[in-house]
Amino acid sequence: MIPDKPTIDGLEAKWISRWESDGVYRFDRDASRAEIFAIDTPPPTVSGSLHIGHVFSYTHTDTVARFQRMRGKAVFYPIGWDDNGLATERRVQNVTGVRCDPSLPHDPDFTAPYHGDVPKDHQAVPVSRPNFVELCREVTHIDEQAFEELFRRLGLSVDWTLLYTTIGERARRVSQRAFLRNLARGEAYQQDAPTMWDFHERTAVAQAEMEDREIPGAFHKIAFHRTDGAGDLVIDTTRPELLPSCVAMVAHPEDERYQPLFGTTVRTPLFGVEVPVLAHPLAEPDKGTGIAMICTFGDVTDVTWWRELSLPTRALIGFDGRFASEAPEWITTEAGRDNYAKLAGRYPKQARTAVVELLAASGEMIGEPRAITHAVKFYERGSQPLEIVGTRQWYIRNGGRDDALRRDLVARGSELTWHPDYMRHRYDNWVGGLNGDWLISRQRFFGVPIPVWYAVDADGNPDYDRVLVPAEADLPVDPSTDCPPGYEPSQRNVPGGFIADPDVMDTWATSSLTPQIAGGWEEADDAFFEQIFPYDVRPQGHDIIRTWLFATMVRSHHEHSCPPWRHAALSGWILDPDRKKMSKSKGNVVTPIGLLEQYGTDAVRYWAACGRPGVDTAFDEGQMKTGRKLANKILNSSRFALGFPEPAADAAPSAALDLAMLARLDSLIEEATTAFEGFDYARALERTESFFWWFCDDYIETVKERAYRENGGAASASAHASLRIALSALHRLFAPFMPFVADEVWSWWQEGSVHAQPWPTASRLGGDERVIDPLAEVVAAVRRAKTEAKGSQRDRVSMLEITAPSSTVELLQRVADDMKGVGSIDEIRWTASDAASQVECAVTLTAL
RNA sequence: GGGCGGUUAGCUCAGUCGGUUAGAGCACUACGUUCACACCGUAGGGGUCACAGGUUCGAAUCCUGUACCGCCCACCA
């Protein structure tokens, strides 16, 4: 039963299959709401691979899930894969040799030309959106199997029967249903407006997906010519290529240098377009020359000026990121049109070079460009700076344009209990700083289609005001192949017929609905959803508060008028030993599976659980070694303690030291329970571990002589009983952290999985902890004497003279029996002296 | 520019209500082939708790300010 040489190696395979076959983590659908603990688990992005950061944060959640399960809760602990999105599309194009052409009809017999090595000269085969999506699902399925293997190996106690994917049918149905409801209530709307645009990926990008990157650039001083002939007006710009899109000049209304010019006009260099000089408070006198050119559109300030000053639109950069191939009608001079020909069809970077050359030649650039480094907006997954182009897009109201809604959402955030609490500031900060609604449409394919069509008028033009929607019962739909209600396929794209919205939703627009997807909100019978919603906790990384957490809050606020969870539990990041974020590019990424094999899952989980909630944590293999030591110690100490005779049924702790140990154990149980209830797994572990080492090094060491005694009567029976009480509690206290070793040692002497046992409670046998410290002091003194004498700890002590205050002597005398045992002491002489401030020991070793 | 977090032993980090001599692991030194465990044990060395003021009988802990590190947001003609 108990192995002679217990080892933690190989425990994973044994227990994973046992848990699966016994259904230890299966959710009980009959549980009442009060008995349920529901977790809104993050679905990891499938297009990448799992890294050590996933191991870290998913372990945190798992410890809490295991604790709640042992507390008697039916734990709703689903798992999902976030497989919809751009990264997957790229991968699929590369491995299968296709590209998506949404205008094509679905081909049910289609097979991909390649699976893997696509020749370099291969011309991508166009496929319909449904076929493309099918391929994406095939490819991600393989990744998902690897994810599942790792998560099982990590010992996550998720209920695998609750698995979902964000591109799966359920997710599409939920996502479209929620969108249509947003639309019906006016929370979703479309608008033709300037939009942040990634021309490389050819898609619109939302505020939450943008990031700043420092790139090199240059200031260029450029002269504009006053139409009254009174000289030049000089501006400073980093984007001279936008000169042909210039619509006005702007300076601060109180800037005395430019006040006389307000209302006059200037002519743009090279292109000769007449533009007005205007005043606006957003212009800053101390930036550049104090006057700026407004272009449609160079940056977001341009958009503000354009809107507030009612300026014309002279956009030239198209969806493909190139300047329009024909000179626009607002450039009327021959010279201007000749100059424009040098930019036509070019990307901004090339156009800039061309414009700079032209300006230098014409003498309208003053001095040389001055190189600078400046922050520019990028799509976080993109490679080129974003441009601003006018497009029709779908939005969901998120408070970015509506103060009342913004206040409501901030209030929702304050209804959550945050762990750690200070993370709430990131939410408030983000919501407070929103500058527009949430742009959810993406010009991509592997996503959930926006489930609408538009009526086509008699002239063949789409009428975007006549939105055609499907019935909820027909969801999910793909407008590129399905027809709106009341129309025939033959009416697609013809006058009087309909046209599909070609876009998909932003991946966050689906993953913001994980509570609804996992909880079966779209099912006809919503009693189950009512059982688990709002969830108890959302665990996630602090870096995606602005995206995933906030987006989920927005959807829940609109749909359910409440926060989707009670608690938000944030995990930190994993930093490499140089305190930098671990990254693939640095080549310092270790594979999780390798670590699990090297140190054992329990050891890696130990390292993860040592990371405080929300705190970025260094990757530290040393902690894994410590975890391995701890797991090993649990095996060996359990084997040792269980090696003593099983106590009789009526055996009870009676020795003072045993009762003291059990009192200390009671405190530990209470502390660990409180910590876990507040999601502070790390504190629970730290306390448990610290007790455990004391238990092994001091308690067991001290009582083992008494426990070994034959015919020891009540004294040894007390030790035997106490060891087992403590062991039972410790095995359960460690179970959330080290599930494999915990179930292994539990199985040596108990029935059933430790993970299905009740969480330990205090035994309250009335022990007096005050005996522990003085005893430890005496034992340490004896050991020190032996060390100083360069002897063995087994050397006998012929006489130990103890001088201490009478109260301490009284305490020590209660444990004198154990003291003699652990110190190999023949005789103790006591001196109660209230003059002594502490315990003094004189140790006489037996002469050899 | 606004917000948040951090600064404790060589390293990684605990330190709860303000309370005795500030702790752990790793690393280091010495000792011990101990009858659960050498993936072990015992003992030891190692600290101006970032800095400066303040509150207090008492401050790593509370308050004010400063410095440095990190993150988030905003600005970026």
Side-chain angles (χ1 to χ4, degrees), chain A residues 2 4-8 212 214 217 219-220 222 235-239 242 249-251 282-284 287-295 298-302 305 372-377 420 422-430 432-435 542-543 545-546 572-573 575 577 579-581 599 603 607 610-612 614-623 625-644 671 674-675 680 682-683 686-687 689-690 693 696-697 700-701 704 708 779-780 782-795 838:
Chain A
I2 304 180
D4 276 344
K5 277 270 174 198
T7 171
I8 63 173
D212 286 350
E214 292 281 337
F219 273 120
H220 307 74
I222 301 175
I235 59 114
D236 230 342
T237 181
T238 55
R239 303 214 47 191
L242 292 177
M249 312 291 281
V250 67
L282 232 49
E284 294 185 31
K287 269 189 192 162
T289 59
I291 189 160
M293 66 168 178
I294 303 174
C295 304
D299 61 26
V300 290
T301 321
D302 281 344
W305 282 324
I372 56 160
T373 303
H374 61 156
V376 174
K377 295 254 178 271
Y422 60 76
M423 287 296 178
R424 66 173 65 253
H425 298 297
R426 302 205 179 189
Y427 178 91
D428 292 344
N429 219 337
W430 175 254
L434 288 168
N435 54 31
H542 59 63
D543 52 321
I545 289 174
R546 68 173 184 169
W573 299 43
L575 309 174
R579 310 298 302 167
K580 299 276 188 284
K581 196 192 161 204
Y599 297 103
W607 158 75
C610 284
R612 285 4 240 191
V615 177
D616 293 346
T617 301
F619 174 74
D620 184 4
E621 292 194 48
Q623 280 294 80
K625 288 181 190 156
T626 304
R628 192 174 169 84
K629 254 175 62 175
L630 174 61
N632 197 51
K633 192 77 174 180
I634 292 171
L635 286 176
N636 283 299
S637 60
S638 299
R639 184 174 94 87
F640 177 64
L642 292 172
F644 293 111
E671 224 178 332
T674 304
D680 195 349
R683 175 181 293 273
E686 193 245 322
R687 293 310 145 107
E689 185 194 4
S690 145
W693 283 109
C696 290
D697 293 346
I700 292 185
E701 284 303 318
K704 73 182 180 188
Y708 268 126
V779 170
V782 171
R783 282 172 176 164
R784 201 176 304 119
K786 290 178 180 177
T787 297
E788 280 165 9
K790 301 217 182 276
S792 158
Q793 291 299 327
R794 292 167 74 192
D795 293 347
Q838 53 191 7

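These numbers come from the heavy atoms of this one structure, side chains and all, not from hydrogens, waters or symmetry mates. Sequence lines set the chain letters: A, B, ... in the order given, protein chains first and strands last, and positions in each chain run from 1.
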Gap between atoms [atom1] and [atom2], on [X] and [N] respectively (whole Å):
{"X": "A:Asp616", "N": "B:rG70", "atom1": "CG", "atom2": "P", "result": "12 Å"}
{"X": "A:Leu575", "N": "B:rC11", "atom1": "CG", "atom2": "P", "result": "17 Å"}
{"X": "A:Arg639", "N": "B:rC40", "atom1": "CZ", "atom2": "P", "result": "16 Å"}
{"X": "A:Ile634", "N": "B:rC40", "atom1": "CD1", "atom2": "P", "result": "14 Å"}
{"X": "A:Lys704", "N": "B:rG41", "atom1": "NZ", "atom2": "P", "result": "11 Å"}
{"X": "A:Leu642", "N": "B:rC37", "atom1": "CG", "atom2": "C1'", "result": "14 Å"}
{"X": "A:Arg612", "N": "B:rG5", "atom1": "CZ", "atom2": "P", "result": "17 Å"}
{"X": "A:His542", "N": "B:rG3", "atom1": "NE2", "atom2": "P", "result": "20 Å"}

OP1 or OP2 of [N] sitting under 4.0 Å from any side-chain N/O of [X]?
{"X": "A:Lys633", "N": "B:rG41", "result": "yes"}
{"X": "A:Arg784", "N": "B:rG44", "result": "yes"}
{"X": "A:Lys5", "N": "B:rA38", "result": "yes"}

Checking all strands, does [X] fall into the base, sugar-phosphate, or nothing category for heavy-atom contacts under 4.0 angstrom?
{"X": "A:Ile372", "answer": "nothing"}
{"X": "A:Glu686", "answer": "sugar-phosphate"}
{"X": "A:Arg687", "answer": "base"}
{"X": "A:Arg794", "answer": "base"}
{"X": "A:Cys696", "answer": "base"}
{"X": "A:Ala283", "answer": "base"}
{"X": "A:Asp428", "answer": "nothing"}

Just how far is it from atom [atom1] of [X] to atom [atom2] of [Y], taken to the nearest 0.5 Å?
{"X": "A:Lys625", "Y": "A:Arg628", "atom1": "NZ", "atom2": "CZ", "answer": "11.5 Å"}
{"X": "A:Arg612", "Y": "A:Arg683", "atom1": "CZ", "atom2": "CZ", "answer": "6.5 Å"}
{"X": "A:Trp430", "Y": "A:Ile545", "atom1": "CH2", "atom2": "CD1", "answer": "12.0 Å"}

Base-pairing mate for [N] - Watson-Crick or G-U, with both contacts under 3.5 Å:
{"N": "B:rC40", "value": "B:rG32"}
{"N": "B:rU16", "value": "none"}
{"N": "B:rA50", "value": "B:rU66"}
{"N": "B:rA9", "value": "none"}
{"N": "B:rG45", "value": "none"}

- Query: Any side-chain heavy atom of A:Glu621 sitting closer than 4.5 Å to one from A:Trp607?
  - Reply: no
- Item | Heavy-atom check, side chain of A:Leu630 versus side chain of A:Trp693, under 4.5 Å | yes
- If you pin A:Phe219 and A:Arg783 to their nearest nucleotides in RNA chain B, which one's is more 5'? A:Arg783
- Item | Residue A:Ser792, side-chain atoms from C-beta onward, closest of B:rG15, B:rG3, B:rU34 | B:rU34
- Note on the structure: Scanning both residues in full, the closest heavy-atom pair of A:Ile291 with A:Val250 reads CG1-O, 3.2 Å
N/O contacts under 3.5 Å, protein versus nucleotides 72-75 of chain B?
unit_1 : atom_1 : unit_2   : atom_2 : d
B:rC73 : OP1    : A:Arg546 : NE     : 3.3
B:rC73 : OP1    : A:Arg546 : NH1    : 2.3
B:rA74 : OP1    : A:Gln207 : NE2    : 3.3
B:rC75 : O2'    : A:Lys287 : NZ     : 3.4
B:rC75 : N4     : A:Asp212 : OD2    : 3.2

- Note on the structure: Per the O4'-C1'-N9-C4 / O4'-C1'-N1-C2 angle with a 90° window around 0, B:rC17 comes out syn
Span that lies between the [atom1] atom of [M] and that of [N], in whole angstrom:
{"N": "B:rG1", "M": "B:rG45", "atom1": "P", "value": "49 Å"}
{"N": "B:rC13", "M": "B:rA52", "atom1": "C1'", "value": "27 Å"}
{"N": "B:rG25", "M": "B:rG2", "atom1": "P", "value": "44 Å"}
{"N": "B:rC4", "M": "B:rC63", "atom1": "P", "value": "13 Å"}
{"N": "B:rC57", "M": "B:rG70", "atom1": "C1'", "value": "39 Å"}
{"N": "B:rA24", "M": "B:rG15", "atom1": "C1'", "value": "10 Å"}

Considering only nitrogen or oxygen atoms on both sides, find all protein atoms under 3.5 Å from nucleotides 21-28 of chain B and state each distance.
unit_1 : atom_1 : unit_2   : atom_2 : d
B:rG25 : O2'    : A:Thr626 : OG1    : 2.9
B:rC26 : OP1    : A:Lys629 : NZ     : 2.5

